[in-house]
*Asks:* 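Structure below; questions to follow.
Residue numbers start from 1 in every chain, and the chains themselves are labelled A, B, ... in the order their sequence lines are given, proteins ahead of strands.
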Number of protein chains: 2
Amino acid sequence: MKVEKPGKKESLEPTRSELEILQVLWQHGPNTVRFVNDQLNEQKREVNYASTLKLMQIMVEKGLLVRDEKAVKHVYSPISEENKTKGLLLDKFVDSLFNGSVSSLMVHLLDNKHASQQELDAIQELLKKAKKDIK
Amino acid sequence: MKVEKPGKKESLEPTRSELEILQVLWQHGPNTVRFVNDQLNEQKREVNYASTLKLMQIMVEKGLLVRDEKAVKHVYSPISEENKTKGLLLDKFVDSLFNGSVSSLMVHLLDNKHASQQELDAIQELLKKAKKDIK
DNA sequence: ACTAAAGTAGGAAATATTTCCTAGCATCCA
DNA sequence: TGGATGCTAGGAAATATTTCCTACTTTAGT
């Protein structure tokens, strides 16, 4: 598979670890390695500071993050806005697992997630709006 | 990160390449390495036969596939049924990117996928059913 | 001022995943 | 029968990703 390697063909596709870091930055805004590392340890799993640092450096090289070095404590920010990245990942996920079929995904989603009444209502509203937008 | 490595903590979580193989088997049913390899080359990307074979052997070891060796041409089947695996992956995806919020996912889905009128109708039906099931 | 703690960095090392190579066996056809 | 083709296998090698180690600088506290 010289031509297209998973996670390599689309060089902007974050690895699993990178995605975890992006999530912290999406949630809390631009931040230092220390902060991200602490959050990961709190919310996800045990991660060594130097590991987090290294990953974030690589993400800068890959064009996923940008680093502000004005202070001694460097502040990292995602380059691409959250919605864009999530959209890309969602696209890929639906294409990958459901052949691009939104309704096919919905079948599984409603089956497995046991969405609450509130969520179903909210989704219904979204649907109405989407249908209106099409017309 | 000694405790939980991406793709390792949940040993049943297929890697990207493995998922491609699973998809072929879901789509066409139990099959030989040759068949899977041809399909991958047709639909996805250039993959060397021996690479596909190796991956499928590993998937057997990981408990993702089972192999019927009665004939010279071994036939591989997924162990876990399609819906279960997709459900797991979907769960993880929604939790991972959308903090488990189905409606949050829907916002992006409807934004990005530009679902057709037909699909929106179909989703609406699914929604009705889901709401009925809750009551 | 000194020391401990905290921040950054490069790169080696480890681990995970995939590709490639070689070899043996089975099948098919001239 | 012999050769070509196809199937399987083990494991080395390559590649991707992550962890770890060491070192330097800065900051903070006594």
*Asks:* A:R16 side chain N/O closer than 4.0 Å to the phosphate oxygens (OP1, OP2) of D:dA16?
*Replies:*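 Result: no.
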*Asks:* Can you tell me how far P of C:dT17 sits from CE of B:M59, to the nearest Å?
*Replies:*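 Distance check: B:M59 CE to C:dT17 P gives 12 Å.
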*Asks:* Could you tell me the separation between the CG atom of A:N37 and the P atom of D:dT18, rounded to a whole number of Å?
*Replies:*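 It works out to 15 Å between those atoms.
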*Asks:* Quickly work out the B:N48 CG to C:dC20 C1' distance and round it to whole Å.
*Replies:*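 Taking CG of B:N48 and C1' of C:dC20, I get 7 Å after rounding.
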*Asks:* Got a sec: does the CD of B:E69 have more than 12 other heavy atoms crowding it under 6.0 Å?
*Replies:*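 Yes, CD of B:E69 has more than 12 neighbouring heavy atoms, counting only those of other groups under 6.0 Å.
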*Asks:* Is the distance from OP1 or OP2 of C:dT18 to the nearest side-chain N or O of B:S51 less than 4.0 Å?
*Replies:* no
*Asks:* Can you label the angle between the A:F93 ring and the B:F93 ring as parallel, tilted or perpendicular, going by 30° and 60°?
*Replies:* parallel
*Asks:* Is A:R45 close enough to D:dT18 that one of its side-chain N or O atoms is under 4.0 Å from OP1 or OP2 there?
*Replies:* no
*Asks:* Please state how far atom CG in B:L53 lies from atom P in C:dC25, giving the value in whole angstrom units.
*Replies:*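 Going from B:L53 (CG) to C:dC25 (P), I get 17 Å.
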*Asks:* Just the rounded figure in Å: distance from C1' of D:dT18 to CD of A:E18.
*Replies:* 10 Å
*Asks:* Please report the distance, rounded to the nearest Å, between NE2 in A:H74 and P in C:dG7.
*Replies:* 12 Å
*Asks:* Of all the choices, C:dT18, D:dA9, C:dG7, which nucleotide is nearest to the side chain of B:Y76 once you look at every atom?
*Replies:* D:dA9
*Asks:* Between B:L40 and B:R45, is the side-chain contact (heavy atoms from CB on, under 4.5 Å) condition met? List the steps.
*Replies:* CA-CA 6 Å; B:L40 289 180; B:R45 53 203 175 91; 5.8 Å; no
*Asks:* Counting distance alone, no hydrogens or angles: does the base of C:dG11 have a donor or acceptor under 3.5 Å from a partner atom on the side chain of A:K54?
*Replies:*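 Between C:dG11 and A:K54, which were checked side chain against base, a qualifying N/O pair under 3.5 Å is present.
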*Asks:* I need the CG-C1' distance between B:L55 and D:dG11, as an integer number of Å.
*Replies:* 15 Å
*Asks:* Whole angstrom is fine here: how far is it from CZ in B:R34 over to P in D:dC7?
*Replies:*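 Distance check: B:R34 CZ to D:dC7 P gives 5 Å.
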*Asks:* Indicate whether OP1 or OP2 belonging to C:dT18 is found under 4.0 Å from a side-chain N or O atom of B:T15.
*Replies:* yes
*Asks:* Distance only, no hydrogens: is a donor on one side chain within 3.5 Å (strictly under) of an acceptor on the other, for B:H74 and B:D68?
*Replies:* no
*Asks:* Give a yes or no on whether B:V33 and B:I79 share a hydrophobic cluster (residues Ile, Leu, Val, Met, Phe, Trp, Tyr; joining criterion: side-chain heavy atoms under 4.5 Å apart).
*Replies:* no
*Asks:* Map A:A50 and A:V72 onto DNA chain D by nearest heavy atom, then report which one ends up closer to the 5' terminus.
*Replies:*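 With A:A50 and A:V72 compared, the 5'-side residue is A:A50.
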